[in-house]
Amino acid sequence: MSLTSDISPLIPKQYKLKFIGDGAFGEVHLIIDDDHPDEEKYVVKTVKVSEATRDRDQNIRELQILRSLDHRRIVPFFGFSQSRFELQLFMGYMRLGSLAKYIIDNEPLDIMKTKVYTAQILEGVSYLHNRKPPIIHRDIKADNVLLEDQNNLRLSDFGVSKVLTELTNARTGTGTFNFRAPETFKSGTVYNVKADIWSVGCTVLEMRTGTPPYADIRRTSELIGLINQGERPDKEFKDCPQDLKHFWDKCFRFEPSERPSADELLGDIFLRQ
């Protein structure tokens with residue numbers, strides 16, 4: 001029985017589910033419309049939640065904000081349904097899966113494909129950052145970038161990862177430390193949209209190398225120490241065009257205030273050549 005729900009009328013009333021994968025928080029199923037079984041438009045992510053969630057009302061408000069987002073570089077969010085122990089998230093279906101998978105299949109991406117995808121990621125980030133109030137993605141990485149087709153991608157899981165962390169009582173950032181800006185590790189620090197810019201740089205590095213940044217660092221404490229000391233993710237990657245090096249120089253500035261905005265990076269020479 002649903003306790004709270006806010007679902008778009010576009011979601012079919014009667015449907016079957018086809019399992020297509022699982023992620024950090026739950027299983028993902030493709031929605032098969034009983035009346036139009038050949039149409040593949042929507043997925044639902046099912047998450048087991050804790051009764052002990054402290055900020056349930058705030059989490060619901062944040063999920064409702066996601067319903068208002070409408071941009072070609074953002075995976076559409078069609079609402080949610082929450083029962084006592086389960087949360088269902090309804091989203092658009094991205095046929096080719098994650099950019100991370102695409103990188104594994106095609107590593108490393110060539111420079112032109114990297115430029116196209118970087119520009120599209122920044123378009124989505126710009127849209128989020130220019131909202132009133134701004135939305136910080138908090139977890140930009142290739143796993144959270146989904147491909148509609150080989151020429152178009154969309155950002156996924158912005159804000160949702162924070163909400164799901166609260167709902168499931170998870171308190172770790174497993175698998176995402178590699179992409180986080182230095183200021184996000186400082187206790188008590190309130191960080192802003194510039195943290196996403198660092199993560200964009202890390203995602204571009206992942207596209208060009210085929211592996212996440214700091215991939216050879218196994219211990220979390222060592223990784224955090226290196227980032228806090230200002231060791232850049234691209235330190236070992238020497239074979240790159242000069243315009244890409246300058247792009248990373250901007251993304252990986254230690255002080256957040258010195259990093260450019262997403263809009264400024266969209267005009268960078270790396271993306272204009």
Side-chain angles (χ1 to χ4, degrees), residues 8 10 23 28 40-43 45 62-80 89-103 106 109-164 176 179 181 192-208 244 247-248 250-251 259-273:
S8 166
L10 293 174
V28 180
E40 298 180 343
K41 294 183 178 180
Y42 312 105
V43 298
K45 178 183 288 189
E62 292 195 26
L63 288 171
Q64 289 171 330
I65 288 172
L66 300 184
R67 279 283 308 275
S68 70
L69 302 182
D70 183 14
H71 192 271
R72 62 178 181 164
R73 301 303 174 206
I74 303 296
V75 173
F77 183 71
F78 294 104
F80 67 92
L89 304 171
F90 296 87
M91 294 171 284
Y93 177 44
M94 301 292 109
R95 297 176 182 277
L96 296 190
S98 73
L99 176 58
K101 179 182 180 299
Y102 187 83
I103 291 171
N106 300 273
L109 301 192
D110 65 59
I111 194 66
M112 291 309 299
K113 180 69 77 174
T114 299
K115 289 184 179 188
V116 170
Y117 284 176
T118 300
Q120 292 185 7
I121 290 169
L122 285 168
E123 288 172 7
V125 172
S126 170
Y127 174 75
L128 296 176
H129 289 183
N130 284 307
R131 299 278 296 180
K132 303 296 182 185
I135 294 176
I136 308 172
H137 188 294
R138 294 184 174 91
D139 199 17
I140 295 173
K141 57 183 180 179
D143 272 325
N144 287 337
V145 177
L146 303 183
L147 290 166
E148 200 163 12
D149 53 52
Q150 290 195 9
N151 299 312
N152 293 283
L153 55 74
R154 294 176 182 250
L155 297 181
S156 175
D157 279 357
F158 45 92
V160 173
S161 58
K162 174 179 179 290
V163 171
L164 294 188
T176 61
F179 295 82
N192 60 23
V193 296
K194 294 299 183 68
D196 281 346
I197 300 301
W198 179 286
S199 301
V200 168
C202 290
T203 305
V204 176
L205 182 67
E206 186 176 12
M207 286 190 268
R208 288 298 294 138
L244 176 53
F247 182 88
W248 278 328
K250 297 174 182 178
C251 293
R259 294 175 211 144
S261 67
D263 287 339
E264 289 169 332
L265 284 177
L266 278 167
D268 190 84
I269 191 171
F270 170 59
L271 299 179
R272 289 190 283 111
Q273 289 188 335

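Because the structure is predicted, anything quoted here is derived from the model rather than measured.
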Quiz prompt | Distance-minimising heavy-atom pair for Ala119 and Leu266 | solution = O-CD2, 3.5 Å
Self-check item: Criterion side-chain contact (heavy atoms from CB on, under 4.5 Å) against Leu109, the qualifying member of Val116, Thr118, Thr114, Val204
Solution: Thr114
Practice problem: Check for a donor-acceptor pair, side chain of Arg272 on one end and backbone N or O of Gly267 on the other, with a separation under 3.5 Å. | Solution: yes
Quiz item: When rounded to the nearest 0.5 angstrom, what distance separates CD1 in Ile197 from CG in Asn192?
Solution: 9.5 Å
Quiz prompt | Whether Arg154 side chain and Arg73 backbone form a donor-acceptor pair below 3.5 Å | solution = no
Practice problem: Give a yes or no on whether the backbone of Ser156 and the side-chain of His137 come within a donor-acceptor separation of less than 3.5 Å. | Solution: yes
Quiz item: Taking all atoms of both residues into account, what is the closest heavy-atom pair of Ser8 and Arg67, and its distance?
Solution: N-NH1, 3.7 Å
Quiz item: Looking only at atom types and distance, does a side-chain atom of Ser126 sit under 3.5 Å from a main-chain N or O of Leu122, one as donor and one as acceptor?
Solution: no
Practice problem: Identify the two heavy atoms, one from Gly92 and one from Val43, that lie closest to each other, and give their separation to 0.1 Å. | Solution: O-CG2, 3.9 Å
Quiz prompt | Heavy-atom pair with the smallest gap, counting every atom of Ala100 and Asp143 | solution = CB-OD1, 3.2 Å
Exercise. Could you tell me whether the side chain of Val145 reaches within less than 4.5 Å of the side chain of Leu155, counting heavy atoms only?
Key: yes
Practice problem: Measure the CD1-NZ distance between Ile121 and Lys141 for me, rounded to the nearest 0.5 Å. | Solution: 13.5 Å
Self-check item: Interatomic distance, Phe270 atom CZ to Leu265 atom CG [nearest 0.5 angstrom]
Solution: 10.5 Å
Practice problem: Mark yes or no for whether Gln120, through its side chain, and Asn151, through its backbone, hold a donor-acceptor pair below 3.5 Å. | Solution: yes
Practice problem: May I have the step-by-step check of side-chain contact (heavy atoms from CB on, under 4.5 Å) for Met207 and Leu99, ending in yes or no? | Solution: CA-CA 9 Å; Met207 286 190 268; Leu99 176 58; 4.1 Å; yes
Exercise. Give the minimum heavy-atom separation between Trp248 and Gly201, together with the two atoms involved.
Key: NE1-O, 3.1 Å
Quiz item: To the nearest 0.5 Å, how far apart are CG in Asp110 and CZ in Arg208?
Solution: 7.5 Å
Practice problem: Could you tell me whether the side chain of Arg259 reaches within less than 4.5 Å of the side chain of Val200, counting heavy atoms only? | Solution: no
Exercise. Determine, step by step, whether Ser261 and Val193 satisfy the side-chain contact (heavy atoms from CB on, under 4.5 Å) criterion, reporting the C-alpha distance in whole Å, the side-chain angles of both residues, the deciding distance to 0.1 Å, and the verdict.
Key: CA-CA 8 Å; Ser261 67; Val193 296; over 6 Å; no
Quiz item: Side-chain contact, heavy-atom cut-off 4.5 Å: Val28 with Met91?
Solution: no
Quiz item: Distance-only, no hydrogens or angles: does the Asp196 side chain make a donor-acceptor pair with backbone N or O of Arg138 under 3.5 Å?
Solution: yes
Quiz prompt | Euclidean distance, Arg95 CZ relative to Asn152 CG, rounded to 0.5 Å | solution = 13.0 Å
Self-check item: Distance-minimising heavy-atom pair for Ile103 and Ala142
Solution: CD1-CB, 3.9 Å
Practice problem: Find out whether Tyr127 and Leu69 are in side-chain contact, i.e. whether some heavy atom of one side chain is under 4.5 Å from a heavy atom of the other. | Solution: yes
Quiz item: Mind checking whether Leu89 and Phe77 have side chains closer than 4.5 Å, heavy atoms only?
Solution: yes
Practice problem: Look at the side chain of Asn144 and the backbone N and O of Asp139, then say whether any donor-acceptor pair between them is shorter than 3.5 Å. | Solution: yes
Self-check item: Gap between atom NZ of Lys250 and atom CG of Asp268 - 0.5 Å precision
Solution: 3.5 Å
Practice problem: Determine yes or no for a side-chain-to-main-chain donor-acceptor pair under 3.5 angstrom, with Lys113 supplying the side chain and Gln150 the backbone. | Solution: yes
